[in-house]
Every structure is written in C-alpha cells, then in structure tokens.
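Residue numbering restarts at 1 for every chain, and letters A, B, ... go by the order of the sequence lines. Side-chain atoms are counted along with the backbone in the values below, which use heavy atoms only and exclude waters and symmetry mates.
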There are 2 protein chains.
Amino acid sequence: MHGISLDRYDLAILSVLQKNSALTNSELGERVSLSPSQCSRRKARLEAEGVIKGYSARLDANSLGFGLRAITRVNLKAHGESMDDDFVTLLTKHAMVREAYSVSGDADYVLHVIAKDLTEFSDFIHHHLLPHPNVTQVRSEIILRSMKEEQGLPMPK
Amino acid sequence: MHGISLDRYDLAILSVLQKNSALTNSELGERVSLSPSQCSRRKARLEAEGVIKGYSARLDANSLGFGLRAITRVNLKAHGESMDDDFVTLLTKHAMVREAYSVSGDADYVLHVIAKDLTEFSDFIHHHLLPHPNVTQVRSEIILRSMKEEQGLPMPK
DNA sequence: CCAAATAGCGCACAGCTTGTGCGCAACTGG
DNA sequence: CCAGTTGCGCACAAGCTGTGCGCTATTTGG
C-alpha cells in the first residue's frame, strides 16, 4: 500500500482534481500540459491504484442548517478491547459525530462533532456521551470561526 | 445565507453527490427517481445557490506518504486583531496545517496537522509554532487510528 | 370559485466529453 | 545494437450534458 510511484504529471493531476474534480479532461490537460486522452488514462490508473479514493461534492454546512461545530476530547475508564468497541459503536451510530480518532496524548479520543445549534450539541454531550459507562471525562472546544479548511492533502516533495 | 428551501429531491441529490460526485445524471436520476435533465437543472441550481461549493477528488494519504496526523491545540498571549492576523498568516503558509479553527474553550485555536512522520511534525511544532512570539502553549494529540471519517455532512430531517 | 400565471416535469436533440485503438517515438535491458 | 516496453497524441465511436419545448399540477388573484 506504499510502493506506488507517482511522477510529476500524476502529482499535478492529483493536485488539480483535489481542488476541482468537475473539470473535463481537456481543461485538466491544459493545466497539466497533457492531452485529454492521457489525462483520462492516468485518472483511470490512479483510481485503480487507490490513490484516488473517490469523488465528492462539497456541501455548505449553513445551507443545511448546521450552525455549530466542535472539537471534543473524550477520556475512557478502561482500555480493554471490548470496552472500546462499545464506545466506538456509540460514535458510529450518531451522525453528529463526523470524525472520530483514537489518539495518543492527554485524551483517548478526539471527535469532530456537528450540530444544528448549541442545544442539540449539549443534548448529545449530556444525554449520550457522558452517560456512557466507560466515559470519564468530556472536554469540548466550540468552533467560532474556520481560518483554514483544506479539503484533502498537500502535494509531497 | 440561510433562506434556501430544499425539497426531498434536493436532499436526495446532495446526499448521493456527497458520496459520489462522478455519477452521470442518468445514474443520479435512477437513484433519486428523477429524469437526467432535471438532475442537471437541480445540480446547476444547487451550485448557483452555493449549497454545493465544489467537487473534489478524495486522495489516499498513505499513497502520498503522509503517515502522521495530529490534533494540536494552541494558546496565544494576546488577542488583538493584528496579533491574531500574524498567527493566522503562519497557519496559512504551512501546507501541513490542513484545518485551523478559532475556538471557544480551553484553547484559542485547534489545528488538524498532517505530516510525513513524527520528525517532520516535531520540526513544525518546535521550529515554527512554538517560536512564534504570540504562542504561549501548544498541546497535541497524535492520531493513532481513525474510527470514523465521514466526508461531508449528514442530511437534515 | 375559476381563470391566469407559475413552477416543475420529461422528451428530444445538438454539441461536447470520454475512453479506446492505433501508430509513433523514446527509453530499457540483454 | 536491437527487441521489448512504456508513454504519448490523434482520431473516432459511444455516451453524456444541458437547453428548448410542450405538458401538467399547483399557486395566485380577482
């Protein structure tokens, strides 16, 4: 899962498609100095290799009525295999939890939570997260403003 | 920026496109029970309204050689308008900083940082973040495992 | 309560895009 | 030095996109 070699054309294509995947192969070709047909072939290859995992529409959170986002750190009581599984199930079940990471540091898990408003967020914390038998501590930072939000990855080298 | 009314077809289209924006209007139409032409029109409208902000390729971090991700909390000394600006410039300049949020809570900013490895990450923290005159404290949680990583948003109602 | 206006639909079609076959040129290894 | 391989652009068939059109259902206004 690591032995794929990407030349400068591949990196250029990935960089452009990451910002805008709705471009035609002609437009893409112009930007990376390659013919449309070759763009098509390289795109197909990058998809097959798994470098491109898929294509998504980026949606506007406010238009959909989500006004609140937060970074929530969670500490657990025990760290047995099955203990965590039960907690992970909780995370998976709730659509409000957009990202959940097992981390090394002060906390055990870090979540990125999205909600309609503070009430909905508070409900989630107090009625679902804190009552869980394995949760010992929950600390949240409410997002006030997004300074930077790059979708995707930087280009290496 | 909030008065847009979306019917069930719009929500269905958004939900599908968020998962896979490479579908043709025919395929999209099948899934949401609408003709291709109508899908095309609604898509165009949702783009114009700003509900769809754009289209992106999802890339594989490992293929590009990024093995380390972290959530980093930063505290600043002063909170003047211009003080923050200078710090924000630092964040914008570094491609390693993928997301940066101004937050309310224990910290002032929360960052989502991506790096090749621990060395590169440590370099960033010690040679760029901590030396900044306005930074007073930096605390990081290294991501061990991603339990959930929804790209995009849940569908309301 | 009914008529006019509006909004939203599918169909048809012109123009454009996609992806493959092909021939060519540039490297690669024996 | 030469056969094999790789990667390129061109050309073209198949398929997709987006707009004009006519139709129907819903809304508006008198």
Do any N or O atoms from the side chain of A:Ser140 and from the backbone of A:Thr72 form a donor-acceptor pair under 3.5 angstrom?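 Side chain of A:Ser140 to backbone of A:Thr72: no pair is present.
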Within the distance-only criterion (no hydrogens, no angle test), does the side chain of A:Glu27 pair as donor or acceptor with the backbone N or O of A:Thr24 below 3.5 angstrom?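 Yes, the answer is positive, given that a donor and an acceptor are paired below the 3.5 Å cut-off.
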Co-membership, hydrophobic cluster, residues B:Val138 and B:Tyr101, 4.5 Å side-chain: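 Each belongs to a different hydrophobic cluster.
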Report the residues that fulfil side chain to side chain contact (heavy atoms under 4.5 Å, CB included) with [X], sequence neighbours left out, ordered by chain and then residue number.
X: B:Ala44; answer: none
X: A:Lys53; answer: B:Arg58, B:Asp60
X: B:Arg8; answer: none
X: B:Pro133; answer: none

How many whole angstroms separate atom CG of A:Asp7 from atom C1' of D:dT6?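 Going from A:Asp7 (CG) to D:dT6 (C1'), I get 12 Å.
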Round to the nearest Å and state the distance from B:Tyr9 atom OH to C:dC9 atom P.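 My rounded result for the distance is 7 Å.
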Just to be sure I understand the geometry, which residues of residues 52-59 of chain A put a non-hydrogen atom under 4.0 Å away from DNA chain D?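 Contacts with DNA chain D under 4.0 Å: none.
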Got a sec? Which of residues 36-48 of chain A come in under 4.0 Å of DNA chain D, heavy atoms?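 Residues of residues 36-48 of chain A that come under 4.0 Å of DNA chain D are, in numerical order, A:Ser37, A:Gln38, A:Arg41, A:Arg42.
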Sequence neighbours excluded - salt bridge (charged side-chain N to carboxylate O under 4.0 Å, His left out) pairs with any residue from residues 122-141 of chain A: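 Sorted result for residues 122-141 of chain A: A:Arg73-A:Glu141, A:Asp106-A:Arg139.
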Inter- and intrachain pairs under salt bridge (charged side-chain N to carboxylate O under 4.0 Å, His left out), touching residues 42-51 of chain A, at least two apart: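 Found A:Asp7-A:Arg42, A:Asp10-A:Arg42, A:Asp10-A:Arg45, A:Arg45-A:Glu49.
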Between the protein and nucleotides 12-14 of chain D, are there any N/O to N/O pairs under 3.5 Å, and if so, what are the atom names and distances?
none

Taking C-beta and beyond as the side chain, do [X] and [Y] meet within less than 4.5 Å on heavy atoms?
X: B:Met96; Y: A:Pro154; answer: no
X: B:Thr136; Y: B:Asp108; answer: no
X: B:Thr89; Y: B:Thr92; answer: no

Inter-end axis angle, the helix from C:dC1-D:dG30 to C:dG30-D:dC1, with every axis fitted to five base pairs (rounded, 10 degrees):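 About 40° separates the two local helix axes.
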If you link I, L, V, M, F, W and Y whenever their side-chain heavy atoms are under 4.5 Å apart, who else ends up in the same group as B:Leu144?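 So far as hydrophobic clustering goes, B:Leu144 is joined with none.
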Determine, stepwise, if the pair A:Arg69 / A:Glu149 fulfils salt bridge (Lys or Arg N to Asp or Glu O under 4.0 Å). CA-CA 13 Å; A:Arg69 291 193 293 165; A:Glu149 210 154 347; 2.8 Å; yes
Using heavy atoms and a sub-4.0 Å distance, could you list which residues of residues 23-34 of chain A are near DNA chain C? By number, please.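 Listed by number, they are A:Thr24, A:Asn25.
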Can you give me the closest heavy-atom contact between A:Ser15 and A:Met155, atom names plus distance?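 Looking at all heavy atoms of both residues, the closest pair is CB-CG, 3.6 Å.
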